[in-house]
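Worksheet: the structure to be examined is printed underneath.
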Amino acid sequence: MSQSEDESWLPKPSSRTAPFFEAASEGKLRLQCCDDCGTWTFPYRERCQHCGSRSIVWRDASGRGTLYSHGLLRRAYHPRHEDRLPIVLAQVDVTEGVRLSTNLVDVEPGAVKVGMEVEVAFESLPDGGIIPVFRPVID
Amino acid sequence: MNHPMNGAGAVSGLGMTEMGRVYRSAIDLASEAVYLAIDDAGIDKSELDGLLINTGITRGLDLHLHVALGLQELNLLTFMQGYGSSAGQMIQYAAMAVANGLAKNVACVFADAPLVDGQRTGASYSGGRRFGGDALSSLHGLYGFTGAIPMFAMAAQRHMDLFGTTRDQLGQIAVSQRAWAGLNERATKREPITLSEYHDSPWVVEPFHVLDCCLVSNGAICVIVTSAEQARDGRQPPVYIRGFAQGHRHDTGQTVPDSAIRGPGSRSASRALAMANASLGEVTQCQLYDCYTYTVLVTLEDYGFCEKGEGGAFVEDGRLGPGGALPTNTGGGELSSYYMWGMTPISEAVIQGRGQAGERQSSNDLIICSGNGGMLNYHSTVVLSPETAS
Ligand SMILES: [Zn+2]
């Protein structure tokens, strides 16, 4: 599983999805929200999938949520997975009402439980990109 | 009140190619399955006037299959895609077509050839998402969401965390089905396994071991559907199509609480049984879509064989295996016999419905078959029986 030096892990975001990655580089989780009905949406859509409105804007989310479910990746399918298995796969229900597929970091796999409180964190990629991940909330 | 479609159509022909590491094209495999089914039904190729086509992950078939088959006078022809629910859907549309005079003999065919000589087994199912596409969709590959396994594994994990479902209980499904596969000469994996061998099999995505996941197979299966009247004059014992329905829903990305532990199967099964004028208690065997062990467990719950959350306890005593109270996936299923998407349960149901399952023959009065596509998103149910509507 090799990767040439100049091959980026993420293609350059399009104008449609750039706000998500710009936000990540600012340490923010930014998702789409409908100005008409208030429904939050992810991944990118042109229209609110609830009410059909096109008044849908990127807005900063709280970055907090609960763990809907989890699994433990035991095989590397991507260069990012090498030397860090097992990886905690996670579905996070952010408080705004959107379910994100992500990774849970800074946690012992045995301590991961459905319903646990989590918050967004950010990981720098070798090519300079930044992506959101989640970690347990420690109060 | 008898539903007009209850027993109006019947399966008159079944064609199955060799399955597994068979390095032939999907078109060649599909053609062979159609010719085998025509022969099995005892009809002439010129009597085949309907063709419904579905293909798997490698998209090796399209509408042009009829050209390879030299079928020039079709009254019904379409390519369909509902993922794992497609096979059950094809049977449904074929039954409605023959019952309403659109066609007399409809071939429903599935073929796929994801195994490539020299490539590892899962290559066709895990590729394609690592690079390319939009930056947002590429994130999935970085996180480790490749193919369907992670989503189903997490669904199973939620069931375990909420209801206390155990790894032994998931494992028992794999063990029971492997015991059935030992009685099926077509099955790819026939050596019996124990629970401890299940636990020792390599992890893919916890809680799934390799033995929680279906096989990958090349091959093709064709089923011919005709009217009940015509099926009675056929070469094979008719297997009547007694009831059917579908249920579909999609994850919208919103925080729907039940999406991992409840599929559209309950809606689909209850309507299919109503068409068959039957109750769940009359079902004598199940042929359930089993892309993963968990899919069997959640489908048993959704269909109402046990309460939501109690699927683990329901399966742990070997109830599904040989000698069990509810024979399920009696050919070994997708886990152990062959992975022909929804044609795996349908083909075994036809063999059982005809009483031709040999050592593994189980009570076949009422057989319920499920098809599942996506992450519990697309569902079809077909109820089959050697008995016509009473
Ligand atoms: Zn809206």
Side-chain angles (χ1 to χ4, degrees), chain A residues 1 3 7-14 16-18 20-21 39-45 49-50 65-81 85-91 93-103 109 112-115 123 125 129 131-133, chain B residues 120 122-123 125-147 149-165 201-210 212-213 250-261 292 294 375:
Chain A
M1 212 167 288
Q3 184 193 20
E7 189 173 14
S8 173
W9 283 2
L10 287 173
K12 191 171 156 28
S14 66
R16 297 186 304 280
T17 58
F20 179 86
F21 293 97
T39 302
W40 290 72
T41 292
F42 187 82
Y44 172 83
R45 291 184 204 286
Q49 60 185 351
H50 182 65
T66 57
L67 188 68
Y68 179 73
S69 197
H70 56 102
L72 211 49
L73 185 70
R74 291 283 195 164
R75 292 182 178 184
Y77 291 97
H78 187 280
R80 177 173 173 267
H81 308 157
L85 293 175
I87 290 172
V88 179
L89 304 178
Q91 286 173 293
D93 286 357
V94 296
T95 53
E96 288 78 9
V98 171
R99 183 166 298 153
L100 301 179
S101 295
T102 182
N103 291 150
V112 178
K113 286 284 176 287
V114 161
E123 178 181 318
L125 303 178
I131 61 170
V133 292
Chain B
R120 64 187 178 80
Y125 278 87
S126 60
R129 267 194 164 183
R130 284 177 56 205
F131 303 105
D134 182 81
L136 266 191
S137 49
S138 300
L139 268 180
H140 286 282
L142 264 70
Y143 290 134
F145 296 94
T146 303
I149 293 175
M151 297 307 280
F152 271 95
M154 288 193 296
Q157 187 63 55
R158 182 165 173 90
H159 201 279
M160 295 164 86
D161 281 18
L162 291 186
F163 303 119
T165 308
S201 87
W203 292 115
V204 186
V205 175
E206 270 189 59
F208 282 174
H209 294 279
V210 166
D212 285 289
C213 305
H250 206 275
D251 294 327
T252 59
Q254 312 300 125
T255 53
V256 181
D258 277 358
S259 63
I261 57 164
Y292 305 99
Y294 176 68
M375 217 311 284

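Lettering of chains follows the sequences in order, A, B, ..., and the numbering in each one begins at 1.
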- Task: Evaluate whether atom CZ of A:Arg45 has more than 12 neighbouring non-hydrogen atoms of other residues, nucleotides or ligands under 6.0 angstrom away.
- Result: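 It does: A:Arg45 CZ has more than 12 such atoms within range.
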Select one option (side chain, backbone, both, neither) describing which atoms of [X] are under 4.5 Å from chain B's heavy atoms.
{"X": "A:His81", "value": "side chain"}
{"X": "A:Ile87", "value": "side chain"}
{"X": "A:Ala18", "value": "neither"}
{"X": "A:Arg99", "value": "both"}
{"X": "A:Leu100", "value": "neither"}

Can you tell if the side chain of [X] reaches within under 4.5 Å of the side chain of [Y], non-hydrogen atoms only?
{"X": "B:Gln157", "Y": "A:Val114", "result": "no"}
{"X": "B:Leu136", "Y": "A:Phe21", "result": "yes"}
{"X": "B:Leu142", "Y": "A:Trp9", "result": "yes"}
{"X": "A:Ser69", "Y": "B:Asp161", "result": "no"}
{"X": "B:Leu139", "Y": "A:Phe20", "result": "yes"}
{"X": "B:Ser138", "Y": "A:Pro11", "result": "yes"}
{"X": "A:Pro109", "Y": "B:Glu206", "result": "no"}
{"X": "A:Pro86", "Y": "B:Trp203", "result": "no"}

Given heavy-atom pairs under 4.5 angstrom as the criterion, report whether the side chain, backbone, both or neither of [X] touches chain A.
{"X": "B:Met160", "result": "neither"}
{"X": "B:Ile149", "result": "neither"}
{"X": "B:Pro202", "result": "side chain"}

Among [options], residue most engaged with chain B (heavy-atom pairs, under 4.5 Å):
{"options": "A:Thr41, A:Thr39, A:Thr17, A:Thr102", "result": "A:Thr102"}
{"options": "A:Pro43, A:Gly65, A:Gly97", "result": "A:Gly97"}
{"options": "A:Arg80, A:His70, A:Arg75, A:Gln49", "result": "A:His70"}
{"options": "A:Gly115, A:Gly129, A:Ala90", "result": "A:Ala90"}

- Message: According to ring pair (Phe, Tyr, Trp, His ring centres under 6.0 Å), who are the partners of B:His159, at least two apart in sequence or on a separate chain?
- Response: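 Testing B:His159 for ring pair (Phe, Tyr, Trp, His ring centres under 6.0 Å), a comparison that skips the adjacent residues, returns B:Phe163, B:Tyr294.
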- Which one, B:Pro207, B:Ala153, B:Ala155, B:Ala260, leads in non-hydrogen pairs under 4.5 Å with chain A?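 Answer, by heavy-atom pair count under 4.5 Å with chain A: B:Ala260.
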Donor-acceptor contact present, side-chain [X] to main-chain [Y], <3.5 Å:
{"X": "A:Asn103", "Y": "B:Tyr143", "answer": "yes"}
{"X": "A:Tyr77", "Y": "B:Gly147", "answer": "no"}
{"X": "A:Asp93", "Y": "B:Thr255", "answer": "no"}

- Please list, chain by chain and in numerical order, all residues satisfying side chain to side chain donor-acceptor pair (under 3.5 Å) with A:Gln91, sequence neighbours excluded.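 Here no residue qualifies.
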- Which value, rounded to the nearest 0.5 Å, describes the distance between A:Arg74 atom CZ and B:His209 atom NE2?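 A:Arg74 CZ to B:His209 NE2: 9.5 Å, rounded to 0.5 Å.
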- Spacing of CG belonging to A:Leu89 relative to CE belonging to B:Met151, to within rounding of 0.5 Å: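 Taking CG in A:Leu89 and CE in B:Met151, the distance rounds to 9.5 Å.
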- What are the two closest non-hydrogen atoms of B:Asp134 and A:Ser14, and how far apart are they?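 What the structure gives for the nearest pair is OD1-OG, 3.4 Å.
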